[in-house]
Amino acid sequence: MPRNLHDWNLTPTEAVAVQHRLRSKVRIKSLSRRVRFVGGADVSFNRFSDKLYTAIVVLDLSTLEVIESVRVRSVARFPYVPGLLSFREAPSVIAAWDHLQQKPDVLMLDGQGLAHPRRFGLACHLGVLLDTPTIGCAKSLLTGIHEELPTPAGSAVPLMDRDEQVGVALRTKRNVAPIYVSVGHLADLPSAVDLVRRTTGKYRQPEPTRQAHLLVNQLRREDLIRNQKQRNKQK
DNA sequence: GCGACAG
DNA sequence: ATCTTGTCGC
């Protein structure tokens with residue numbers, strides 16, 4: 001498995017080739033093993049900075065309590081290019097993953113899985129590299145279209161790209177914009193949607209990625225304050 | 001050629 | 001993604 005830094009030092013053209021090569025590794029199946037721990041990952045950064053803040057949280061599915069969290073700082077080695085997000089964010093998520101004591105049974109990512117122009121979004125990529133079940137939970141659309149959603153929370157409509165269904169638009173909160181759920185790896189759409197529903201509370205985003213989001217922003221702001229204090233000392 | 005474009 | 005306070009609505 002390609003997992004060292006060198007493998008991420010690519011040009012955008014090479015990155016696309018990697019996606020074509022790795023997408024055949026994606027396996028779609030029902031989340032077999034009973035899910036006890038659900039993970040969520042997110043990445044944050046400051047404008048004009050290449051420093052990344054990444055977190056993974058692990059929740060107990062039965063209580064939705066956070067049982068473990070890991071936060072890491074890293075440096076981006078790839079720009080944000082639509083369709084190539086994983087080459088920017090995946091290395092730091094893998095670093096955080098390696099520090100986890102309790103690996104979750106499934107990991108939810110802030111981005112697309114199969115709902116991607118080459119059917120290999122962030123969730124697919126990380127699933128394959130980590131050899132772990134993953135689910136994509138994006139807040140906006142990269143590829144595909146869908147019919148209007150009914151108003152009630154829990155409503156879902158197929159997300160279509162041409163003739164194939166690549167995911168669902170899921171309204172997790174009444175009268176609020178949907179999130180886009182798609183399969184990453186070692187999961188199928190029904191079990192993915194089911195898990196998102198079971199981990200969603202009163203907010204738009206499911207708890208795993210929401211908690212990860214809160215953590216990375218906390219870490220990023222801690223660093224901002226720290227840097228400002230350093231500057232004042234030098235003055 | 002034009003518009004769209006996860007985070 | 002991030003820069004940002006109050007504010008309209010369920």
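So you know, we letter chains A, B, ... as the sequences are listed, proteins then strands, and number each from 1. Hydrogens, waters and symmetry mates play no part in the numbers below; they use all other heavy atoms, side chains included.
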Which class fits the ring pair H125(A) and F120(A): parallel under 30°, tilted 30 to 60°, perpendicular over 60°? tilted
Separation of L159(A) atom CG from dA6(B) atom C1', in whole Å? 12 Å
NE2 of H146(A) versus P of dA6(B): gap in Å, rounded? 14 Å
Taking only side-chain nitrogens and oxygens of R220(A), does any of them come within less than 4.0 Å of OP1 or OP2 of dA1(C)? no
N/O donor-acceptor pair under 3.5 Å between K103(A) side chain and W97(A) backbone: yes
Identified stems (criterion: three or more consecutive Watson-Crick or G-U pairs, under 3.5 Å), DNA chain B: none
Is a side-chain donor or acceptor of D105(A) paired with a backbone partner of R36(A) at a separation under 3.5 angstrom? yes
Atom CG of D161(A) and atom P of dC5(B) are separated, to the nearest Å, by 13 Å
So what's the dot-bracket for DNA chain C: Watson-Crick or G-U pairs under 3.5 Å, [ ] if a pair crosses, | if it pairs off-strand? ..........
How many Å lie between CZ on R171(A) and P on dC10(C), as a whole number? 14 Å
Is the distance from OP1 or OP2 of dA1(C) to the nearest side-chain N or O of K139(A) less than 4.0 Å? yes
Atom CG of L85(A) and atom P of dA6(B) are separated, to the nearest Å, by 9 Å
Walking DNA chain C from its 5' end, the first of R174(A) and V43(A) to be reached, judged by nearest nucleotide, is V43(A)
Just call it for G136(A): base, sugar-phosphate, or nothing, with non-hydrogen atoms closer than 4.0 Å on any strand. nothing
What are the two closest heavy atoms between A169(A) and L149(A), and how far apart are they? O-CD2, 3.5 Å
OP1, OP2 of dG7(B) versus side-chain N and O of S140(A): anything below 4.0 Å? yes
Nucleotide of dC5(B), dG7(B), dT2(C) approaching A138(A) most closely (side-chain heavy atoms): dG7(B)
Within the 4.0 Å heavy-atom criterion, would you say I145(A) contacts the bases, only the backbone, or no part of the nucleic acid? nothing
Are F45(A) and the base of dA1(C) stacked, counting only ring centres nearer than 5.5 Å and planes tilted under 30°? no
Report the C-alpha separation of H99(A) and E68(A) in whole Å, then their side-chain angles, then the decisive distance to 0.1 Å, and conclude whether the side-chain contact (heavy atoms from CB on, under 4.5 Å) test is met. CA-CA 11 Å; H99(A) 287 292; E68(A) 186 185 349; over 6 Å; no
Is the number of heavy atoms from other residues, nucleotides or ligands within 6.0 Å of CD1 (I145(A)) greater than 12? no
Of V58(A), L59(A), L215(A), the residue whose pairing with V66(A) passes side-chain contact (heavy atoms from CB on, under 4.5 Å): L59(A)
With a non-hydrogen cut-off below 4.0 angstrom, is L109(A) in contact with a base, only sugar-phosphate, or nothing? nothing
Please check the phosphate of dT2(C) (OP1 and OP2 only) for any side-chain N or O of S44(A) closer than 4.0 Å. yes
Nucleotide dA4(B), atom C1' - distance to CZ of R162(A) in whole Å: 14 Å
Under the 3.5 angstrom rule, does the side chain of D194(A) hit a backbone N or O of P190(A) as a donor-acceptor pair? no
Test the R88(A)-F45(A) pair against the cation-pi criterion, namely NZ or CZ under 6.0 angstrom from the six-membered ring centroid and within 45° of the ring axis. yes
Can you check whether N217(A) has a side-chain N or O nearer than 4.0 Å to OP1 or OP2 of dA1(C)? no
Report the C-alpha distance between D223(A) and R220(A) in whole Å, list the side-chain angles of each, state the deciding distance to 0.1 Å, and finish with yes or no for salt bridge (Lys or Arg N to Asp or Glu O under 4.0 Å). CA-CA 5 Å; D223(A) 259 30; R220(A) 181 172 60 81; over 6 Å; no
When you get a sec, tell me which of dA1(C), dC3(C), dA6(B) is the closest nucleotide to the side chain of R221(A)? dC3(C)
Rounded off to whole Å, could you give me the CD-to-C1' distance for the Q112(A) and dA6(B) pair? 5 Å
With a cut-off of less than 4.0 Å, is there a side-chain N or O of Y80(A) near OP1 or OP2 of dA6(B)? yes
Side chain of D110(A) only, please: which of dG7(B), dA6(B), dC10(C) is the nearest? dG7(B)
Rounded to the nearest angstrom, tell me the gap between atom CZ in R118(A) and atom C1' in dA4(B). 14 Å
Strictly by modelled atom types, are S44(A) and N217(A) linked by a side-chain donor-acceptor pair under 3.5 Å? yes
